[in-house]
Structures are given as C-alpha cells and as structure tokens.
*Asks:* 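This is the structure I want to talk about, given as structure tokens.
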Amino acid sequence: MANFLISRTLNSIRNRNLFTSLSSLSRQFTSAATAAAEQPQSDGGEGSTFTFSSDGQEHKPNHDDSIQIKPNSSKRETASSSVTMPMSFMTGSVVGKRFYNQVTTRKADDGNGWTVMLDYRTLKTPSKRPLKLPTLGLAKAIAAEWEYQETDGIRPFTMPLMKLACTALERVPITRHKVIEFLINRFNQDLVFCRAPDDNDLTSDIHERQVEKIDPLLNWMESEFRFKPVVYSSFFGGKQDEGLLKAVETLLKKTDECELAAIDAIAGAAHSLTIALGLFRGKLNIEEAIELIRLEEDFQVDRWGLVEGGHDVDIADLKVQIASAAVFLGLSRRV
C-alpha cells in the first residue's frame, strides 16, 4: 500500500525521479528527536470535545489511544473544526477506526504553509498544534497516507511521513540543542569510520569492500569539511579531528526543523551521521546509502546465506526508514 501511496503522491506533484518508493513495512524510528518526551499542550479553545476510540464508540477524552475531534462551536461544518492525533500515534499502535471520508489539502489560515483536511476538520499534531507543512508536495504526501488508511483502523506504522512531520513540528524546536549534541557525541563511533583489519584472512575481503565502497564518501567528507576523517579498527570507536566535529556541528545548526528531523532519523537508522549528511547534501541516493549501511551484513549474507524472516525483514525495515526520511527531506524543501 505504501509503495502505491508514495508513487502516486510523487506523480501528482510531477517529480517522478526525486526518490524511490517506500516499502509497506515500517517500525518506529529510533532517533534522538522521537525519543525526547514532550507534555501535550492545552488547545485553549472553547467547545465540547469527543473522541472516536478503537471500538468506534463515543467516549470522553480520558486516554491517549483515541482520536480527539473538536467541532466548531457553530453547527455549520467549517474548516475551523479540527482533529487531534493522540500521543500514542508516535508509538505505532492502532489509534482508532477511520472516521472520515475525504482527505484534502488547503492553504493554512495565515497563508504560511499547508494543512491537511479530514473532511472539514483540520488535522493537528498530538500536542494539539495545527499540522502546518512547509510545502504543498509534503501536504499531499501526508494526505495520501491518510487517504489509504483502512476503515477498521488507523495504523501509524504505515504513515512514516506523518510521524516525521509531527517530530519536526513539535519536538525538534524544543529539543534542537539535545538532538545536535546527541548526533555529535555519536559521530566518533560512526559506522563508516569502523574498518575491518586488513591483516586477517577472515576480514581482509570485507576490508577491501569497505575501501572500495566507503572511501569515496570519506573523500567527499574531506573535500566538504576540509578535514580528513580518521578510520579505526576498534569497536569502541576512535577520535575525529576537533575541526571536523565543529564543521559538522555548524552545518547541523544551520538546518531547519524538517531537515534536522530527517537527518536525525536517517542517522538513527543508519548508525551513521556521515551517511545522513551524504543524503542531505546529495552525495548519496537512497540505494547507495542502504548499500553502505548493510555493507558488512550483506557480505556475510553472500557468504553464509539469507535467513528468511530475519535478514529480509531487516532489509525491508531499513528501506522504509531511510526512504521515508529522504522523501520527507526532499518534499519539505521549498523550490
């Protein structure tokens, strides 16, 4: 479903060659931004609220597993009504039955950005902030995720772009410093800096493959940041030049919320900020990034075989995480 969803969305904005399509399997992103906790804020508006729960019955909004619908105070159905996602939306559990018929996009009320409409209701984040998106392309992609939800339940694990948008809009702004600090602290243990020994019969072949595939990315890092990355053969990591750390930190500080959310998600899935920056700057495409991430494991699969229900699931999961973050990054950019 997600494959068709994303391809149809990209076709609708006439940008077919921007990214590859997504797999239909997704798990929760393991990034610093999505790990940061935030208390829901009060909506502050007037009017009664009610919820649609997983059993389809009307309940008072006293738990996080329900979708809160806030109608307008007037009886007329207008765009000022809203629907708020529960905090459990970010964890991937089913959050209730589909309660809407049509999904559309519209310009934000203040003219700055785009919103998604479920029938006449404006979609909001789990913290009850309007889901205001920077581009029409991203709004259409998220609308497509909502459009293809089944009637028996809304499944957040099939909506990676929506989850990234919530992260970018309500968590990155208040955790930006911590996200950047976390990424920099893990930079010394970056996946692409760890090199198999070349003086051992068991590891010499993988060392040769690492030199062939990873060294071009390291050379790009040197030309991009004016400092040569240090490779090492220790599981405990090494120490990169302080100038390289400062240069990377400066780049991260210049990113906007959507860019930092995407970089953080890619780095978390790849165990590599370098690969995330390669995607961010256009040095790598999605397929190349996935190949580098799985370089050592694919080498072992080639030698010993693939475990069904293990390796294939991991590959599908990785493709969703990397591709969805890359699609989000591209669609969030104003052309």
*Asks:* Of all residues at least two apart in sequence or in a different chain, which pass the side chain to side chain contact (heavy atoms under 4.5 Å, CB included) check with E242?
*Replies:* K239, L245, K246

*Asks:* Which distance, rounded to the nearest 0.5 Å, do you find between the CG of N101 and the CG of L118?
*Replies:* 10.5 Å

*Asks:* Tell me every residue that passes side chain to side chain donor-acceptor pair (under 3.5 Å) with E181, counting only those two or more places apart in sequence or in another chain.
*Replies:* none

*Asks:* Ignoring hydrogens and angles, tell me if any N or O in the side chain of D190 forms a donor-acceptor pair with the backbone of T274 under 3.5 Å.
*Replies:* yes

*Asks:* Do the charged groups of E291 and K213 touch, with an N to O distance under 4.0 Å?
*Replies:* yes

*Asks:* Using a strict cut-off of less than 4.0 Å between a Lys/Arg side-chain nitrogen and an Asp/Glu carboxylate oxygen, indicate whether D241 and K228 qualify as a salt bridge.
*Replies:* no

*Asks:* Within the side chain of Y100, is there an N or O that forms a donor-acceptor pair under 3.5 Å with the backbone of R121?
*Replies:* no

*Asks:* Any side-chain to backbone donor/acceptor pair from N200 onto D198? Under 3.5 Å, distance only.
*Replies:* no

*Asks:* Under the side chain to side chain contact (heavy atoms under 4.5 Å, CB included) test, which residues partner F225, sequence neighbours left out?
*Replies:* M221, L244, A247, V248, L251, L277

*Asks:* Can you list the residues that meet the side chain to side chain donor-acceptor pair (under 3.5 Å) rule with K132, with sequence neighbours excluded?
*Replies:* D110

*Asks:* Check whether any side-chain heavy atom of L133 lies under 4.5 Å from a side-chain heavy atom of T115, and answer yes or no.
*Replies:* no

*Asks:* Hey, is K253 close enough to E249 for a salt bridge, meaning N to O under 4.0 Å?
*Replies:* yes

*Asks:* Strictly distance-based, threshold 3.5 Å: is any side-chain N or O of Q240 a donor or acceptor partner for the main-chain N or O of F187?
*Replies:* no

*Asks:* Can you list the residues that meet the side chain to side chain contact (heavy atoms under 4.5 Å, CB included) rule with D256, with sequence neighbours excluded?
*Replies:* C258, E259

*Asks:* Just by modelled atom types, is the Q102 backbone N or O under 3.5 Å from a matching donor or acceptor in the D119 side chain?
*Replies:* yes

*Asks:* For L138, does its backbone N or O pair with a side-chain atom of T135 as donor and acceptor, under 3.5 Å?
*Replies:* yes

*Asks:* With sequence neighbours left out, what residues match V231 under side chain to side chain contact (heavy atoms under 4.5 Å, CB included)?
*Replies:* R195, L218

